[in-house]
Every structure is written in C-alpha cells, then in structure tokens.
Amino acid sequence: MRIALFGAPGVGKGSQATFLSQNQGLEHISTGVILRSALRSGSDVGIEAKKYMDDSQLVPGHIVRVLAEEAITRNHYDHFVLDGYPRTIEQAEWLSEFLSEHEAMLQCVVNLVVSNEIIVGRLSQRRVHIETGENFHLEYKPPPSGIDPELIIQRKDDLPESIFRRLEVYQKQTHPLVDYYKDKNLMVEVDGVGTFEDVHARILSTIYNFAASE
Ligand code: AMP
C-alpha cells in the first residue's frame, strides 16, 4: 500500500501515521522527522534546513525531494505512508514522476480535516520525544511517567506565533494540493475531529475501501 496523509499542521498526521506504521506494517516517512533528525546531527542538510524551519517556512523543495526519494527507495517503493510530503504542487509533480518511474503510483491521499481553532489548541499542547519523534498531548496523551522529562520538548514551531505562520504557509502553498489530488481522483477527506481511535478507524476504513475500489 502506498498512501499519503495530508492536512494542515496539527491535524494529527504524525500520530496517525505512526500508528498506521505500527499496525499495518507501513513505513512512516515523515520529511519533518527526517529534517529534525538531520538538524540534530548537525549535517549540512540540517544546517541548511534550520533557517527555514526556525522561521516556520518550507524548506527548499530540492532538499526535501532527495530525503523523501531516498526514504521511499530504502523501502523498495511500497508499503509506506507519507506524512508531510508532498507540500507543494512542485513536490507532488516530482513525487508522481518518481513513483511512476518505479511503477508504484500513490494509491490514496487522505486529507484529515480539522478546524483552525482546534488545530491551534492541539499544537500549543503538543510535546515531542526528542529521540523517537513520538508526539504527545499534555491533556489527551501525556508522556508516560517513566520517560526522562528532559527528552520531552515543545517544538519551537509549536509556539503561538509560529503556529499562525505555519497555518498561513499551509493555506498558501500546500492547500492547493487538495484540488490537485481531487482532479486525479486520489483525494479522500476524513473528519479529523474526535478521539484518536475514532479518527484512526475512519482512516483505516477509508484506505481499505479505496484500495478495494481500485
Ligand atoms: P512537520 O514535522 O511535517 O510539521 O515539518 C516541520 C517543518 O519541516 C516544516 O514546517 C517545514 O519547515 C519542514 N518541512 C517538512 N516537510 C517539508 C516539505 N515537504 N517541504 C518543505 N518543508 C518541509
């Protein structure tokens, strides 16, 4: 199965993709997680990406393209869930070209829909495990007590002014992909409001219905 989770920052793509990878045997490919790991390792890519990420802007496409394509290649072009890639029409075109070269087109793009009001509430309460990248929510999914609190951090881009900037970037640069994928009959909308389990069940039934109708 080759799917992408799509939606604004904070709709729950990362947590849902992590769970899909654990339960459905799909590789979770998140360009955000890969970039944050490059940043921590101090690699050239990380150093270059940092200035954009700190400013809540998109990292230049040619950088992310390489990272995404490497990850998909490592996974033999199948059994993956993309999270946060593609984020522009240009990236979507690259992805489509790359996957078609390997006869492995995307099967479904799940658009998780959540209002901006809920997103702001979720992101300001989000915390992340600095090593595993696992997301927590202070109220609904607090970090387990056994974890060293030093490893649980608030992402810089989850601070209030950054959240609004990222939502603006999403609206301008990423949201046009909704029509792009609708035109290709690949986009399905899933209500992203509700408990984690409810949203997950909706995603699962959507992707299996979609796969069955292919
Ligand atoms: P995320 O963890 O998906 O919210 O990504 C965190 C940050 O990484 C974003 O705000 C961007 O700066 C950068 N980033 C992640 N994926 C992409 C992408 N596909 N294109 C450009 N920048 C990206």
Side-chain angles (χ1 to χ4, degrees), residues 3-21 27-41 43-72 80-99 106 109-112 114 116 118-120 122-137 152-178 180-181 192:
I3 61 173
L5 285 192
F6 182 85
V11 294
K13 299 186 295 295
S15 312
Q16 291 292 348
T18 304
F19 205 56
L20 273 178
S21 79
E27 180 72 12
H28 175 195
I29 299 178
S30 157
T31 40
V33 168
I34 299 171
L35 285 166
R36 279 188 290 282
S37 139
L39 211 135
R40 279 197 306 279
S41 73
S43 69
D44 289 348
V45 165
I47 292 166
E48 176 63 12
K50 184 176 186 319
K51 41 189 188 220
Y52 299 95
M53 294 172 78
D54 281 353
D55 196 29
S56 305
Q57 300 298 324
L58 294 187
V59 171
H62 66 273
I63 296 180
V64 202
R65 177 188 191 176
V66 173
L67 300 175
E69 291 184 1
E70 279 174 358
I72 295 170
F80 60 77
V81 50
L82 291 175
D83 157 20
Y85 188 85
R87 253 173 156 107
T88 61
I89 300 274
E90 184 181 44
Q91 293 178 13
E93 296 283 2
W94 286 335
L95 178 66
S96 157
E97 238 170 72
F98 174 73
L99 290 177
L106 267 190
V109 179
V110 177
N111 183 16
L112 282 176
V114 175
N116 277 4
I118 295 180
I119 287 176
V120 173
R122 280 188 187 173
L123 287 181
S124 51
Q125 301 258 65
R126 178 162 76 176
R127 297 296 181 270
V128 59
H129 191 291
I130 199 166
E131 284 170 357
T132 64
E134 184 172 1
N135 286 327
F136 298 98
H137 182 283
I152 305 295
I153 57 152
Q154 182 169 31
R155 284 168 48 171
K156 250 193 198 162
D157 57 0
D158 282 345
L159 296 170
E161 62 281 10
S162 306
I163 294 175
F164 290 110
R165 212 163 323 129
R166 286 164 70 209
L167 287 172
E168 263 174 34
V169 168
Y170 167 79
Q171 199 53 39
K172 225 160 132 189
Q173 303 190 58
T174 307
H175 191 261
L177 283 175
V178 172
Y180 175 90
Y181 280 121

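Numbers here simply count residues along the sequence, with the first being 1. Remember, it's 1-based here, ligands and their atoms both numbered in the order they're listed. These numbers come from a predicted model, not from an experiment.
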Working to the nearest 0.5 angstrom, can you tell me the gap between [X] [atom1] and [Y] [atom2]?
X	Y	atom1	atom2	value
I63	I34	CD1	CD1	13.0 Å
I153	I130	CD1	CD1	4.5 Å
I119	F164	CD1	CZ	11.0 Å

(message) So for ligand 1, is R36 a polar contact partner (N or O within less than 3.5 Å, distance only)?
(response) yes
(request) Before signing off on this row, confirm whether P86 and ligand 1 have an N or O atom pair separated by under 3.5 Å. (result) no
Contact atoms of ligand 1, heavy-atom distance to [X] under 4.0 Å:
X	result
R166	4 (O)
Y85	19 (N)
T31	15 (C), 16 (N), 17 (C), 19 (N)
Q57	11 (C), 12 (O)

(request) Would you mind finding which of R87, E90, Q173, M53 brings a heavy atom closest to atom 5 (O) of ligand 1? (result) R87
Region of [X] that comes within reach of ligand 1 [heavy atoms, distance under 4.0 Å]:
X	value
L58	both
Q91	side chain
V59	both

(message) I want to check something: taking the side chain as every heavy atom from C-beta on, are K156 and M53 in contact at a cut-off of under 4.5 Å?
(response) no
(request) For the residue pair I72 and L82, establish whether any side-chain heavy-atom pair is separated by less than 4.5 Å. (result) yes
(message) Please verify the inter-ring angle class for F6 with Y170; under 30° counts as parallel, over 60° as perpendicular, anything in between as tilted.
(response) tilted
(request) Could you tell me which non-hydrogen atom of T31 sits nearest to which non-hydrogen atom of G84, and how far apart they are? (result) OG1-O, 3.1 Å
(request) Please confirm whether R155 comes under 4.0 Å of ligand 1, counting heavy atoms of the residue only. (result) yes
(request) Using the salt bridge (Lys or Arg N to Asp or Glu O under 4.0 Å) rule, take D158 and R127 through it: C-alpha gap first, then chi angles, then the decisive distance, then the call. (result) CA-CA 9 Å; D158 282 345; R127 297 296 181 270; over 6 Å; no
(request) Identify the protein heavy atom lying closest to atom 14 (N) of ligand 1, giving its residue, its atom name and the separation to 0.1 Å. (result) L35 CD1, 3.5 Å
